[in-house]
Structure formats: structure tokens, C-alpha cells
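To start, the structure itself, in C-alpha cells.
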Amino acid sequence: MKAWRQPGFWLPVLFILVWGLYVLIVRQDSTREQAFTLLMFVGLASSLNILLGYTGYVSFGHIVFFGLGGYSGFYFLSAHNLPLMLSAILGGVVSAVLAGLIGLAVLRLRGAYFALATIGVNEAARAFVSNFEPFGGATGLFVNYSVYEGFGGPGPALWRTFIYLWITVLIIVVVSYAIKNSRFGLGLLAIREDEDAAMVMGVQAPRAKTVAFMFSAFFPGLIGTLYFFKNGNVEPGDAFSLHMSIEMLVMVMLGGMGTVFGPVIGAVAYQGLRGFLLTNPLFKNLHLAIAGVFLLLIVLFVPAGAIGWLRERSLKLRKVLE
Amino acid sequence: MILEVRGVSKRFGGLQALSDVSFTLTEGRILGLIGPNGAGKTTLFNVINGVYKPEVGQVIFRGEDITGKPPYEVAQRGLARTYQVVRPLQELTVRENVMVGACFGREKHHKGPAAGIADEVLALVGLAKKADQLAGSLNVAEKKRLEMARALAARPYLLLLDEVLAGLNPSEISAMIDTVRQIRDQGITIFMIEHVMQALMTLSDEVIVLDYGELIAAGTPTEVVENPKVIEAYLGDPKIAQRLLAQEPPEPQ
Ligand SMILES: Nc1ncnc2c1ncn2[C@@H]1O[C@H](COP(=O)(O)OP(=O)(O)OP(=O)(O)O)[C@@H](O)[C@H]1O
Ligand SMILES: [Mg+2]
């Protein structure tokens with residue numbers, strides 16, 4: 001309804017729209033590869049934000065949904081020859097179901113206990129997958145070359161995957177905006193501010209939190225499938241990397257948790273910084289440590305993140321940035 | 001009978017916070033609840049609205065047994081409450097705070113109509129001008145009004161007020177008393193905890209008294225303040241006893 005006329009909605013959507021179009025117009029493999037990684041993190045950070053930013057729950061092991069969903073989607077694709085997008089959606093469903101189950105058990109925990117439990121879940125999933133034969137155990141799964149035929153070869157397949165990812169990320173941002181501005185989202189924000197008070201006002205916190213968790217898990221599962229398909233293989237080390245999980249947190253915090261645009265900006269800015277650190281020989285081996293220090297500085301000095309900080313500056317910006 | 005509490009007991013470890021408390025509340029009335037500090041008043045509210053489950057006893061709200069139901073289910077049935085220690089949703093605006101009540105309370109409105117109700121209720125409690133501010137930026141008196149607005153936006157049948165006058169200055173108190181009267185005139189039943197005796201005497205139709213978790217007296221405000229058991233209970237707390245004894249006779253209802 002009114003959303004279409006709000007700059008808070010248009011800014012992130014246009015940003016991603018134009019970015020993807022630019023990549024399609026330039027039509028260079030290297031540009032696409034770089035944009036793929038960036039967009040992927042934009043999508044992951046925006047998904048995490050639904051739980052972290054709106055609901056106020058810190059999920060340290062959020063990468064488990066990328067990993068397990070990605071594994072499942074890859075499995076549907078390579079072992080059962082399902083179409084790519086259908087496999088990806090099914091991967092998302094697996095992640096969402098897992099989140100629903102975890103939610104029932106773990107979302108009763110609050111604060112640090114919840115955060116720790118999510119790390120445990122990630123490690124458990126890694127251990128499970130490493131020993132699960134249908135998923136190829138410790139060696140993982142590989143793309144069956146015949147899959148590419150449906151796309152007209154590996155090259156077009158990669159372009160198609162990029163377009164799928166681009167559309168997925170656009171949808172994530174739209175969903176993120178829609179949730180934030182819905183009644184359901186208001187309930188989540190109330191939970192974030194004071195869960196007990198929210199329940200006393202009628203917010204059905206256990207259910208709302210679980211649904212938020214499922215939303216924030218669904219999209220990483222979908223993205224995971226696309227990512228591993230693009231790579232051509234999936235193995236436990238790539239799928240359940242705890243440091244990627246922490247980087248997702250940094251991106252959300254950097255851009256501004258609880259805002260729609262924040263995770264988008266945060267992901268791009270963090271990847272820029274990371275790229276600089278990785279190519280700079282001085283920092284190459286220190287980039288994770290630097291990311292940690294960075295996180296600390298954000299938490300200490302700009303807890304609202306970049307977009308949050310701007311929003312606090314003036315009422316006008318408040319209306320433009322969501 | 002809008003609320004019936006039957007033989008409720010609640011303990012925290014070795015502390016018996018409520019023992020065998022029973023009383024009823026008739027629709028449309030204002031029931032006052034007094035008692036020395038730590039008597040179990042807030043605990044009684046928490047048992048009624050589902051924050052705590054009593055070990056023994058039942059809470060009947062509008063003919064339905066709501067004992068042990070989670071607070072959100074109780075809220076959705078039309079029972080709202082304010083907190084003694086205010087709990088604003090700091091990073092949300094005043095209007096959004098109140099919309100939470102309207103969206104998730106008894107009538108479960110969508111956001112559009114909820115915003116309308118919020119503005120209406122904010123006008124009633126005198127916070128209309130602050131609607132777009134963050135709740136965290138309000139002063140204490142305003143936060144108390146916000147608590148009230150949030151509860152009212154749920155359009156409850158029964159409103160539990162936990163010391164809404166505490167910490168207010170005399171002019172704020174008299175404004176708040178007017179607000180409470182207006183709420184009652186809308187047909188909402190009120191159950192209120194209050195230490196400011198003067199206010200309670202003029203507002204309530206009936207008063208019950210808790211002491212060490214036990215209900216020691218019930219009756220009209222005049223009956224209760226003259227009850228020797230009540231005076232004795234407060235003598236343990238000389239300041240309040242003095243205030244109680246220096247009380248002017250309540251206005252005729
Ligand atoms: N969650 C809890 N855990 C343990 N003890 C509690 C808890 N809540 C309340 N108590 C204890 O129960 C007793 C009754 O507390 P309650 O808050 O109900 O008193 P009150 O009558 O509201 O007092 P006040 O006038 O100071 O607000 C107190 O001794 C308090 O310390
Ligand atoms: Mg109390």
C-alpha cells in the first residue's frame with residue numbers, strides 16, 4: 001500500500017535493482033563473481049537482521065541455515081535432478097523447519113544462553129553432515145555435469161544462478177521491510193524491547209519468535225543452495241563456517257540492526273573492508289582479528305550502526321531511512 | 001462478577017508471598033488494594049494476569065478459569081495491567097508503544113486502526129503531543145501515563161493499576177485521579193494498588209488489605225481504615241501508619 005511511496009522502502013530496493021542490472025549490462029564474469037559474493041552477504045545479513053535486529057535475539061550460529069539448507073538443496077538438485085530454483089526453495093524449507101524445531105526447544109532461552117545454543121546447533125549440524133552418507137560425508141557433494149545441460153552449459157548456468165540470487169535478495173529486502181512495518185513486526189520489536197512486557201500486552205512471544213526465526217532461516221537455506229551450485233560442490237568446512245557466521249553479525253551491526261537498509265550497507269562495507277585487508281599483505285593473516293576488534297568498536301561506540309546513527313541525527317533522515 | 005480469586009497461594013522458595021487469598025470484584029467498580037511494602041500486592045497482580053502460576057487456587061475472569069494461562073492469553077481476553085516500575089519499549093515511539101496494546105490486546109486491530117486508537121487514548125491520558133517521541137525520552141510521570149495508555153488501548157474489561165500515583169507530584173496526582181475516573185466512566189472495571197491513601201479513599205468503592213500475603217480485611221474505604229487489624233498491620237511501618245491515622249474522613253461517594 002503506502003510502502004510503495006516510502007523512501008525507506010525504495011532506497012534499498014532500488015540499490016539492489018540497479019546493482020544487479022549493472023552487472024547484467026556489463027556482462028563480465030569477474031564482475032558477476034564479485035557481485036555474487038556481495039549480494040549473497042547482503043541477503044544473509046538481511047535475513048539475520050529479522051531475528052537479530054527486529055526480535056533482539058543474537059544467533060551466533062546462523063550460518064547453520066545456510067549450510068544445512070544449502071546442503072539439502074544441493075542434494076535435491078544433484079541426487080534427484082530437481083530444477084535449481086525448486087531445489088533452492090526446498091533447501092530454504094529445510095532450514096525453516098529446522099529453525100522451527102530449534103525455536104520450540106531453544107527460544108525459551110534468553111540472551112547469552114540462546115546465542116550459545118545456536119553455536120552448539122551449528123557444530124552439531126556440521127558433525128551430523130560430516131557423517132551422513134547421502135550428503136557425501138566428509139568429502140561432500142559435487143555437481144553432476146549433466147545438470148548444466150538444462151542451462152545450455154556451465155556459463156549460462158552461472159548467469160542464471162546470479163539472476164536467481166539477485167531476485168532472491170530483492171525479495172528478502174522487500175520481506176524485511178514488510179515484516180518491519182507489519183503488526184507481526186511490531187510484536188517482534190516489542191519483544192526486542194521488553195519480552196515480558198510484550199507478553200503482558202498480548203504479544204504471543206513464543207510463536208512470534210519462532211516465526212521470525214523461521215523467516216530468518218529460510219532465506220539463508222535458499223541462498224546456500226545457489227551458492228554451492230555456483231561453486232559446483234559443497235563440503236562441511238564451507239557450509240558451517242563459524243567465522244562466516246560472525247562476519248554476518250558484524251555486517252548487521254555495522255550497517256545498523258533493526259533497520260532495513262542497514263544490513264545491505266553493512267554487508268557491502270564489510271566486504272569492502274575485508275577485501276582490502278585480504279589483499280594487503282600487512283593484514284592478510286589478521287583480517288579476522290581485525291573484524292573482531294571492529295565489532296567491539298561498533299558495540300562500544302556506535303551500537304546503532306551506520307543507518308541507526310544517521311536516523312538518530314535528524315527527524316528528516318528518520319523518514320528517509322528505514 | 002468480573003473477577004473471582006479463589007484460595008490463591010504463591011510461594012517463592014521459602015517465602016509465602018500469598019496465602020489462601022480469596023475475593024471477588026463486581027463489574028464497573030473500582031477495587032483498591034493496600035498493604036505494607038512486600039505484602040504481596042504486585043505478586044497478586046502477577047498471579048491474576050498469568051505472569052506467575054499459583055501453587056493452589058483459581059483465578060476466574062468473566063466466568064472462565066484462567067489460572068496458569070500465559071500472560072498473552074489473559075491479555076487477549078481483556079485483562080490489562082500497568083507496571084509499578086514502568087517498562088516502556090524504549091526504542092519505539094510513544095504511539096508505537098500504545099499501538100502494541102491495540103494490536104495485541106482484546107480487539108487485535110491492524111496497524112491502521114491501531115494508530116487511530118493510540119492517538120485517541122494518548123489524548124485521554126494527556127500525551128498526545130509526545131506521540132512521535134521515543135518512549136525512552138519521557139519523564140517518569142509521562143511514562144506512568146504511557147503505561148496507562150498502553151493498557152487502555154487494549155480496550156480491556158478489567159484494568160489492573162499498580163501504583164500509578166507513586167512518584168508523582170500533587171498536581172500530577174490529581175490529574176491522574178481524574179484520568180482514572182474517566183476510565184471507570186467508560187465502563188472499565190479497575191483494580192488498583194495504591195499507597196497514596198487519600199487518592200484510594202476517594203476513588204475506590206471497596207478496598208481489600210494484604211499483609212504478609214494474607215487478606216486481613218475487606219470493605220468500604222472507611223471500614224477498612226478503621227479496622228484494628230489494618231492499623232496494626234501498618235504499625236509495623238510507622239510512616240505509613242501515621243499517614244493512615246492522619247487521614248481525613250473520606251468524601252461521601
Ligand atoms: N520473582 C520473585 N522471586 C522471589 N521473591 C519475590 C519475587 N517477587 C516478589 N518476591 C517477594 O515476594 C514478596 C511480595 O512482593 P510484592 O512485590 O508482591 O510486594 P508488594 O506488596 O507489591 O510490595 P511493594 O509495596 O513494595 O510494591 C516480597 O517479599 C518480595 O521480595
Ligand atoms: Mg508492588
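A, B, ... follow the sequence lines: proteins, then strands. Residue 1 opens every chain.
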Which portion of [X] sits near chain A, non-hydrogen atoms under 4.5 angstrom:
| X | result |
| --- | --- |
| B:Arg87 | both |
| B:Val100 | both |
| B:Asn97 | backbone |

Original post:
Heavy-atom distance under 4.5 Å to chain B: side chain of A:Ala205, backbone, both or neither?
Top reply: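 Looking at A:Ala205, just its backbone touches chain B.
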**OP:** Check whether A:Arg318 gets within reach of chain B through its side chain, its backbone, both or neither, counting any heavy atom under 4.5 Å.
**Re:** side chain
Original post:
Okay, side chain of B:Glu96, backbone of B:Thr93: is any donor-acceptor separation there less than 3.5 Å?
Top reply: yes
Original post:
Is there a donor-acceptor pair under 3.5 Å between the side chain of B:Arg29 and the backbone N or O of B:Leu31?
Top reply: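 A pair under 3.5 Å: no.
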Original post:
Among B:His109, B:Arg81, B:Arg106, B:Arg77, which has the most heavy-atom pairs under 4.5 Å with chain A?
Top reply: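 Heavy-atom pairs under 4.5 Å are most numerous for B:His109.
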**OP:** Against chain A, work out which of B:Cys103, B:Gly101, B:Gly50 has the most heavy-atom pairs shorter than 4.5 Å and name it.
**Re:**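 Counting heavy-atom pairs under 4.5 Å, the top option is B:Cys103.
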Original post:
In Å and rounded to the nearest 0.5 Å, what is the CG to CG distance from B:Leu165 to B:Leu200?
Top reply: 8.5 Å
**OP:** Indicate the ring-plane relationship of A:Phe213 and A:Phe65, choosing parallel, tilted or perpendicular according to the 30° and 60° boundaries.
**Re:** perpendicular
**OP:** May I ask you to decide if the ring planes of A:Phe184 and A:Phe215 are parallel, tilted or perpendicular, using 30° and 60° as cut-offs?
**Re:** tilted
Subject >> B:Thr82-B:Asp162 side chain donor-acceptor pair, cut-off 3.5 Å >> reply: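 No.
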